[in-house]
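To keep things clear, I will list the structure first and then write my remarks on it.
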Amino acid sequence: MRYHYDTEFIDTGRTIQLISIGIVAADRREYYAVSSQFDPRELHANPWLTTNVWPHLPLTPHNTLDTEHPTVKPRTRIARDVQHFLLTTDHSPELWAWSAAYDHVALCQLWGRMIDRPWGIPTYTRDLKQEWDRLGNPPLPKQAPGKHNALADAHHAAALARALLADQRPRPNRGGGVES
């Protein structure tokens, strides 16, 4: 089964701290969680994250992370939830994301090192941006409001996948040739 997902994270150049993760399954189930363990000071040190990601998180009236909100969880809980979500009904999930490299690292780091991920969690995520490029950059659906909310972005990834994977005919690439 296909699973489309997105993560929001803090990239310090040395570590990737998960902020949030959203996953949408082909059977329409969805999962969303916000880590209770990222450092808000590091998030706010990045103006882009402050402007684009912070407003989509569950916040208190004092503009702090609402740690009592049901979607805010410790990473160990998110790891168990994601494992259950991906593997309970499917023993070979197919992961898809837009510009997937960092998302895959953030996902796998839920369990520690890449080699610590549970059996059944793929070693890679299929990249929708690469697929879009391979197909010659066809028009894509516009995203509904909520960009940079991980769940809204996961829903948009699912819409992109439907558009890109529905028509697998070779298209001209930007270099003028045809790719198959």
Side-chain angles (χ1 to χ4, degrees), residues 1-11 15-39 43 53-54 56-59 65-132 134 140-141 143-168:
M1 179 182 313
R2 285 188 183 148
Y3 295 85
H4 305 93
Y5 76 103
D6 184 68
T7 62
E8 300 299 340
F9 53 83
I10 301 164
D11 176 11
T15 63
I16 297 172
Q17 290 183 57
L18 179 72
I19 298 170
S20 60
I21 184 169
I23 309 171
V24 176
D27 64 5
R28 301 187 185 238
R29 291 177 300 125
E30 58 184 45
Y31 176 78
Y32 176 71
V34 175
S35 173
S36 63
Q37 294 176 277
F38 74 87
D39 185 343
L43 181 148
V53 174
W54 184 255
H56 297 292
L57 301 176
L59 302 174
L65 185 66
D66 183 357
T67 56
E68 299 300 316
H69 193 276
T71 62
V72 179
K73 305 171 183 180
R75 288 172 48 95
T76 55
R77 174 62 191 271
I78 295 171
R80 282 193 310 270
D81 289 352
V82 168
Q83 181 177 355
H84 183 264
F85 185 83
L86 294 176
L87 299 177
T88 297
T89 60
D90 191 354
H91 298 294
S92 57
E94 189 177 290
L95 303 176
W96 286 86
W98 183 267
S99 292
Y102 272 78
D103 292 307
H104 190 74
V105 172
L107 172 73
C108 289
Q109 284 185 348
L110 285 171
W111 299 284
R113 301 170 304 160
M114 187 75 71
I115 63 171
D116 296 329
R117 72 190 187 294
W119 183 88
I121 301 294
T123 58
Y124 66 97
T125 294
R126 295 165 191 258
D127 196 311
L128 289 164
K129 188 168 187 350
Q130 288 178 343
E131 187 67 8
W132 177 66
R134 185 186 75 79
L140 294 173
Q143 183 164 356
K147 190 172 185 176
H148 306 303
N149 168 289
L151 185 57
D153 289 352
H155 277 285
H156 186 59
L160 296 174
R162 285 190 296 276
L164 292 170
L165 303 175
D167 182 2
Q168 291 293 313

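Throughout, numbering of the chain's residues begins at 1 and tracks the sequence.
From D127, atom CG reaches atom CG of D103 across 9.0 Å, with rounding to the nearest 0.5 Å. For the atom pair I23 CD1 and H4 NE2, the distance stands at 12.0 Å (nearest 0.5 Å). Atom SG of C108 is separated from atom CG of D116 by 10.0 Å, given to the nearest 0.5 angstrom. In this structure, the separation between NE2 on H91 and CH2 on W119 is 7.0 Å, given to the nearest 0.5 Å. Separating the CZ atom in R2 from the CG atom in L95 is a distance of 12.0 Å, to the nearest 0.5 Å. Put simply, OG1 on T71 and CD1 on I21 are 13.0 Å apart, with the number rounded to the nearest 0.5 Å.
Taking the side chain as every heavy atom from C-beta outward, L110 and Q83 never approach each other to under 4.5 Å. Proximity of L65 to V34: side-chain heavy atoms (C-beta onward) are separated by under 4.5 Å at one or more points. Here the side chains of H156 and D6 are not in contact, with every heavy-atom distance at 4.5 Å or above. Proximity of V72 to L57: side-chain heavy atoms (C-beta onward) are nowhere separated by under 4.5 Å. Between Y5 and H104, the closest side-chain pair of non-hydrogen atoms falls below 4.5 Å. Annotation: side chain of L140 is in contact with side chain of W132 (closest heavy-atom distance under 4.5 Å). Residues K129 and L160 form no side-chain contact, since every pair of their non-hydrogen atoms from C-beta on lies 4.5 Å or further apart. A heavy-atom distance below 4.5 Å is not found between the side chains of R126 and E131.
Closest non-hydrogen pair, A25 versus M1, comes out as CB-SD, 4.0 Å. Closest of all the heavy-atom pairs between L128 and L164 is O-CD1, 3.6 Å. The shortest non-hydrogen separation linking P141 to A163 is CD-CB, 3.8 Å. Q143 and D153 get closest at one heavy-atom pair: NE2-OD1, 2.7 Å. In terms of heavy atoms, K73 sits closest to A33 at CD-CB, 4.3 Å.
For H56 (side chain) and A150 (main-chain N/O), no donor-acceptor pair under 3.5 Å exists by modelled atom type. At least one donor-acceptor pair closer than 3.5 Å links the side chain of S35 to the backbone N or O of Q37. At distances below 3.5 Å, not a single donor-acceptor pair connects side-chain atoms of D11 with backbone N or O atoms of I16.
Looking at D27 and R29, a side-chain N of the basic residue comes within less than 4.0 Å of a carboxylate O on the acidic one, giving a salt bridge.
The aromatic rings of F85 and Y31 lie tilted to each other, with the angle between the two planes from 30° to 60°.
Residue-environment remark: NE2 (H84) stays at or below the threshold of 12 foreign heavy atoms within 6.0 Å.
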Discussion item. Between R75 and Q109, is the side chain to side chain contact (heavy atoms under 4.5 Å, CB included) condition met? List the steps.
Written reply: CA-CA 9 Å; R75 288 172 48 95; Q109 284 185 348; 4.1 Å; yes
Discussion item. Quick one, W111 with V82, criterion side chain to side chain contact (heavy atoms under 4.5 Å, CB included). Give me CA distance, side-chain angles, the key distance, then yes/no.
Written reply: CA-CA 10 Å; W111 299 284; V82 168; 3.9 Å; yes
Discussion item. Using side chain to side chain contact (heavy atoms under 4.5 Å, CB included), reason through I19 and T7 one step at a time and then give a plain yes or no.
Written reply: CA-CA 7 Å; I19 298 170; T7 62; over 6 Å; no
